[in-house]
Amino acid sequence: MILSTNIIKRSKPIILFLLLLPSIIWGLTFLQGNLGINPIDKLMDEFGKMALRLIIVTLIISSLSQYRFLRSLQNIRRMIGLTAFYYVICHFLTYIILDHFFNWKFILKDIVKRPFITLGFINFILLLPMVSTSTNAMVKKLTFKVWKKIHYLIYIIAPLAALHFYLLKKADKTEPLVYLGIILLLLFWRFYYKIIKK
């Protein structure tokens, strides 16, 4: 049974709403002062984890869409990728505005001093070319071949994001290790499909 493209396209507004809903809930909970003892850290962590999860989802969709009956999933891959970037922006702005209130001198020192902050900043920079070339117009302008090469950055971004999370966690590192394991498995599958199988 082939998953209908029309069903996927009609479902996009609902999927987008469900993807954005957590950020609305966390934002309102933060404003109400119900995010625990360290609300800024909690908000920043939730945004970051959601971004990582959605990056993993885009990799999963890329793998599943190789199968003909699931090819229509490609229609939501870009939307999920852009939503992941939305959560990265929320994560980044929470750090810059709420945590350090535009103290650029401290932020720059933090980027240099702490490896997990360094990785997070590098990932943000790497995401920018992907997001800026995500439109159909840019695909035509760059040609699909060039556009595809730019979007191979996801294979660097995903493991670095998991490593950023791993270094951030001070105690139980189970969750970031699970994410890293999933990412490495997906990257191995892509390598197998594109190189070994062909």
Side-chain angles (χ1 to χ4, degrees), residues 15-61 76-134 150-151 153-183 186:
I15 295 169
L16 181 60
F17 172 75
L18 292 174
L19 292 174
L20 295 177
L21 184 59
S23 67
I24 298 169
I25 294 171
W26 294 328
L28 291 174
T29 307
F30 174 78
L31 292 173
Q32 291 167 356
N34 295 325
L35 268 186
I37 300 172
N38 298 308
I40 293 174
D41 286 347
K42 177 69 174 175
L43 185 66
M44 190 160 45
D45 288 349
E46 293 295 353
F47 284 147
K49 284 193 288 185
M50 189 64 171
L52 178 55
R53 289 167 190 152
L54 291 180
I55 287 171
I56 291 171
V57 170
T58 61
L59 289 175
I60 291 171
I61 288 174
I76 58 170
R77 183 175 58 188
R78 181 188 302 174
M79 181 182 74
I80 293 174
L82 290 173
T83 309
F85 184 69
Y86 159 76
Y87 278 101
V88 169
I89 288 290
C90 290
H91 178 68
F92 195 59
L93 291 179
T94 303
Y95 170 74
I96 289 174
I97 300 172
L98 297 180
D99 204 21
H100 299 298
F101 198 69
F102 300 108
N103 187 343
W104 297 111
K105 188 176 180 180
F106 178 88
I107 290 168
L108 288 173
K109 284 183 179 178
D110 212 21
I111 291 170
V112 174
K113 185 179 178 181
R114 296 200 284 176
F116 78 90
I117 300 289
T118 309
L119 285 177
F121 183 74
I122 290 170
N123 252 12
F124 178 73
I125 297 299
L126 290 176
L127 276 165
L128 294 177
M130 291 186 64
V131 173
S132 61
T133 58
S134 62
I150 291 171
H151 284 251
L153 285 170
I154 191 66
Y155 301 125
I156 300 172
I157 290 166
L160 284 184
L163 187 57
H164 165 72
F165 185 29
Y166 176 84
L167 294 174
L168 170 65
K169 293 285 281 186
K170 294 181 177 64
D172 185 7
K173 295 181 181 286
T174 304
E175 189 178 3
L177 284 173
V178 168
Y179 292 150
L180 184 58
I182 293 170
I183 289 167
L186 289 167

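For the numbers below, each heavy atom of this structure counts, side chains included, while hydrogens, waters and symmetry mates do not.
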field: Plane angle bin for Tyr87 and Phe47 - parallel if under 30°, tilted between 30 and 60°, otherwise perpendicular
entry: tilted

Would you say the side-chain atoms of [X] pair up with the backbone N or O of [Y], donor to acceptor, closer than 3.5 Å?
X	Y	result
Thr118	Ile111	yes
Asn38	Asp41	no
Asn123	Ile157	yes

message: Suppose we screen for ring pair (Phe, Tyr, Trp, His ring centres under 6.0 Å). Which residues come up paired with Phe85, at least two apart in sequence or across chains?
response: none

task: Return the set of residues passing ring pair (Phe, Tyr, Trp, His ring centres under 6.0 Å) with Tyr95 (not counting sequence neighbours), or none when no residue passes.
output: His100

If every non-hydrogen atom of [X] is compared with every non-hydrogen atom of [Y], which pair is closest and at what distance?
X	Y	result
Ala162	Pro176	O-CB, 4.2 Å
Pro159	Leu180	O-CD1, 4.1 Å
Ile154	Met130	N-SD, 3.7 Å
Thr94	Ile40	CG2-O, 3.9 Å

Just jot down the side-chain contact (heavy atoms from CB on, under 4.5 Å) partners of [X], sequence neighbours excluded, or say none.
X	answer
Leu31	none
Thr133	Met138, Leu142, Trp147, Ile150, His151
Lys109	Lys105
Leu93	Ile89, Ile97

Which residues pass the side chain to side chain donor-acceptor pair (under 3.5 Å) test with [X], not counting sequence neighbours?
X	answer
Ser23	Tyr86
Thr174	Asp172
Arg78	Asn136

Once rounded to the nearest 0.5 Å, what's the spacing between atom [atom1] of [X] and atom [atom2] of [Y]?
X	Y	atom1	atom2	answer
Ile122	Ile117	CD1	CD1	12.0 Å
Leu153	Ile125	CG	CD1	12.0 Å
Leu126	Phe124	CG	CZ	11.0 Å
Leu20	Ile15	CG	CD1	12.0 Å
Lys169	Phe116	NZ	CZ	12.5 Å
Ile183	Leu163	CD1	CG	10.0 Å

For residues 48-61, which side-chain N or O atoms pair as donor and acceptor with protein atoms under 3.5 Å away, sequence neighbours left out?
| from | atom 1 | to | atom 2 | distance (Å) |
| --- | --- | --- | --- | --- |
| Arg53 | NE | Tyr179 | OH | 2.9 |
| Arg53 | NH2 | Glu175 | OE2 | 3.3 |
| Thr58 | OG1 | Ile55 | O | 2.5 |

query: Does the side chain to side chain contact (heavy atoms under 4.5 Å, CB included) test come out yes or no for Leu98 and Phe30, once each step is laid out?
result: CA-CA 11 Å; Leu98 297 180; Phe30 174 78; 3.9 Å; yes

- prompt: Between Ile76 and Leu16, is any pair of side-chain heavy atoms under 4.5 Å apart?
  reply: no

query: Quick one: does Leu43's side chain get under 4.5 Å of Thr29's, heavy atoms only?
result: no

- request: Mind jotting down which residue pairs meet the side-chain hydrogen bond (donor to acceptor under 3.5 Å, both in side chains) criterion with at least one end in residues 155-166? Sequence neighbours excluded, please.
  value: Tyr155-Arg190

task: List for me each residue that meets salt bridge (charged side-chain N to carboxylate O under 4.0 Å, His left out) alongside Arg114, sequence neighbours excluded, and say none if there are none.
output: Asp110

